[in-house]
Amino acid sequence: MDQDDIEEATAALKGQRLGWWGLLQITGCTGLAVYAVWAGLLMPGFRRVPLKLQVPYIPASPKQVENVMSLLKGRSGKMVDMGSGDGRIVLEASRRGFCPAVGYELNPWLIWLSNFYAWRAGHYGKVSYQRQDLWKVSLADCSNVTVFLAPSVVSLHGGGSW
């Protein structure tokens with residue numbers, strides 16, 4: 001299709017009204033696209049997770065990441081983030097010298113995103129993101145653990161009594 005054909009089609013469409021059928025098609029396609037994004041990006045992390053434990057992914061703000069880092073100030077060693085989301089806390093911990101820095105997350109798309117961010121920041125291989133249930137992870141060798149979860153999830157397990 002060359003440029004003239006595109007211009008002719010655009011000119012022909014400019015004079016037409018959308019109508020109820022066109023509006024219905026746009027609405028249906030938009031709904032389908034939203035569902036596809038939800039099913040592809042968010043739902044995989046919720047499979048095999050009880051309904052009461054399913055929480056939406058909400059990324060930590062830069063201020064929240066800084067608050068977590070201020071709590072870890074003066075510490076060293078292994079740092080683990082339970083429910084790491086897109087990995088920004090793990091990545092910042094690695095930048096500040098925590099080694100190893102590990103994130104545990106259920107959603108495989110968020111793990112992929114975490115690894116992409118680590119690669120882009122030059123920390124790929126220095127951080128680790130694993131798909132594991134955070135309630136089943138052994139923390140025996142961990143000296144620094146962060147848990148940045150919805151209060152409803154933490155309260156279901158005794159307020160975080162690992």
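Atoms CD and NZ, from Glu66 and Lys73 in turn, are 9.0 Å apart once rounded to the nearest 0.5 Å. Distance CG/Asp86 to CD1/Ile111: 12.0 Å, rounded to 0.5 Å. For the atom pair Arg131 CZ and Leu110 CG, the distance stands at 10.5 Å (nearest 0.5 Å). Atom CG of Leu113 sits about 9.5 Å away from atom CG of Asn107, to the nearest 0.5 Å.
With salt bridges taken as basic N to acidic carboxylate O contacts below 4.0 Å, none links Glu92 and Arg88.
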List, one per line, each side-chain donor-acceptor pair under 3.5 Å for residues 117-128, sequence neighbours excluded.
unit_1: His123; atom_1: ND1; unit_2: Ser94; atom_2: OG; d: 3.0
unit_1: Ser128; atom_1: OG; unit_2: Gln130; atom_2: NE2; d: 3.4

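At distances below 3.5 Å, at least one donor-acceptor pair connects side-chain atoms of Arg75 with backbone N or O atoms of Ser143. Distance alone, capped at 3.5 Å, places no donor-acceptor pair between the Asn144 side chain and the Val80 backbone.
The side-chain heavy atoms of Val145 and Val147, taken from C-beta on, include a pair separated by under 4.5 Å. Between Met82 and Thr146 there is no side-chain heavy-atom pair separated by less than 4.5 Å. Using a 4.5 Å cut-off on side-chain heavy atoms (C-beta onward), Val137 and Leu139 make contact. In this structure the side chain of Lys78 reaches within 4.5 angstrom of the side chain of Asp141, judged on heavy atoms.
Here the rule is side chain to side chain contact (heavy atoms under 4.5 Å, CB included) with Met69, and of Leu71, Leu72, Asn67 only Leu72 fits it.
Listed by chain and number, the residues in a side-chain contact (heavy atoms from CB on, under 4.5 Å) with Ser84 are Asp81, Val90, Glu105, Tyr129 (sequence neighbours excluded).
Between Ala60 and Val65 the shortest heavy-atom distance is CB-CG2, 3.9 Å.
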